[in-house]
Amino acid sequence: MGFEPRATRSDITGALSSPESFNYGVEAHEAFKRRALASDILAEQRKVQEADLVIFQFPLYWFSVPAIMKGWMDRVLCQGFAFDIPGFYDSGFLKGKLALLSLTTGGVASMYTKAGDSGDFRYFLWPLQHGTLHFCGFKVLAPQISFAPEYSSEEERKSMVASWTQRLKSLWTEEPIQCSPSWYFGQ
């Protein structure tokens, strides 16, 4: 797609609401209200509006999403479109929609446990699932994680794909996770 991940002044068409001190979040919110966001942002927002389920497929980079996906979130999930103050978490504007993180890791599953070198995988999911998706109102499904496909055997990779394929067939019957600190960090 060639999506531009950088949040810049060119995301706002027309005059700024406060030209003397550019604040991206404020200007994006005001531009959303005026329908004055860049056409690529508006196109992506239309896709989200039309979707019942949004799947974020990515390789885990430094316990987060790659830069282009972070830029997509920054530009597309702006105030006014995805949330407002008030109007977040269960009142977020994307309520009624499902979201799912489908990711691959460089490390094996044992690295992402409480006793593993990287800690429980739920720890790094907190800012993405709770702080971004749930904040915008999404109901979040359990993540689909394929651990270390690059270092897995052909048979293990085929099993990962088969598991994901099977899950996709029954996705609509799944219950969302409880996006609460106890789901991520325990009692």
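Between Phe56 and Thr132, the closest side-chain pair of non-hydrogen atoms is not below 4.5 Å. Taking 4.5 Å as the limit, every side-chain heavy atom of Gln144 sits out of range of all side-chain heavy atoms of Thr104. By the 4.5 Å heavy-atom criterion applied to side chains, Leu125 and Val140 are not counted as neighbours. Using a 4.5 Å cut-off on side-chain heavy atoms (C-beta onward), Leu141 and Arg167 make contact. Residues Val54 and Leu94 form no side-chain contact, since every pair of their non-hydrogen atoms from C-beta on lies 4.5 Å or further apart. In this structure, the side chains of Leu98 and Leu171 stay at 4.5 Å or more apart for every pair of heavy atoms. Considering only heavy atoms from C-beta on, His29 comes within 4.5 Å of Asp84 through its side chain. For the pair Phe81/Gln49, a side-chain contact is recorded, criterion being any heavy-atom separation below 4.5 Å from C-beta on.
Rounded to the nearest 0.5 Å, atoms CD (Glu27) and CZ (Arg34) are 7.0 Å apart. Summarising the geometry, atom CZ belonging to Arg122 is positioned 9.0 Å from atom OH belonging to Tyr184; distances are rounded to the nearest 0.5 Å. Atom-to-atom distance recorded for Leu42:CG and Asp11:CG is 10.0 Å, nearest 0.5 angstrom. Going from atom CZ of Phe3 over to atom CZ of Arg75 covers 4.0 Å, rounded to the nearest 0.5 Å. Interatomic distance, CH2 of Trp172 versus CG of Asp52, reported as 5.0 Å (0.5 Å rounding). Atoms OG and NZ, from Ser64 and Lys70 in turn, are 7.5 Å apart once rounded to the nearest 0.5 Å.
When the shell of 6.0 Å around OH of Tyr123 is examined, it contains more than 12 heavy atoms from other residues, nucleotides or ligands. The environment of Gln178 atom CD is sparse: at most 12 non-hydrogen atoms of other residues, nucleotides or ligands sit within 6.0 angstrom. The local environment of CZ in Arg9 is crowded, with over 12 non-hydrogen atoms from other residues, nucleotides or ligands closer than 6.0 Å.
Checking side-chain atoms of Lys97 against main-chain N and O of Ala51 turns up a donor-acceptor pair under 3.5 Å. Checking side-chain atoms of Thr113 against main-chain N and O of Asp120 turns up no donor-acceptor pair under 3.5 Å. Side-chain N or O atoms of Thr165 include one that pairs as donor or acceptor with a backbone N or O of Val161 at under 3.5 Å. At distances below 3.5 Å, at least one donor-acceptor pair connects side-chain atoms of Ser153 with backbone N or O atoms of Glu156.
The minimum heavy-atom distance linking Ala28 with Leu37 is given by the pair O-CD2, 3.9 Å. The shortest heavy-atom contact between Phe32 and Gly80 is CE2-O, 3.0 Å. In this structure, Pro5 and Ile68 approach most closely via the heavy-atom pair CB-CA, 3.7 Å.
Between Phe63 and Phe124, the distance from one ring center to the other falls under 6.0 angstrom. Between Phe83 and Phe93, the gap from one ring centroid to the other reaches at least 6.0 Å.
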Q: Would you sort out whether Glu155 and Lys158 count as a salt bridge (charged side-chain N to carboxylate O under 4.0 Å, His left out), showing the intermediate values?
A: CA-CA 5 Å; Glu155 184 177 305; Lys158 285 181 180 179; over 6 Å; no
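Each of Gln45, Glu44, Glu50 was compared with Lys47 under the side chain to side chain donor-acceptor pair (under 3.5 Å) criterion, and only Glu44 meets it.
Using a 30° and 60° split on the angle between ring planes, Trp126 and His130 fall in the parallel class, below 30°.
Remark: the Glu20 side chain and the Ser18 side chain contain an N/O donor-acceptor pair separated by less than 3.5 Å.
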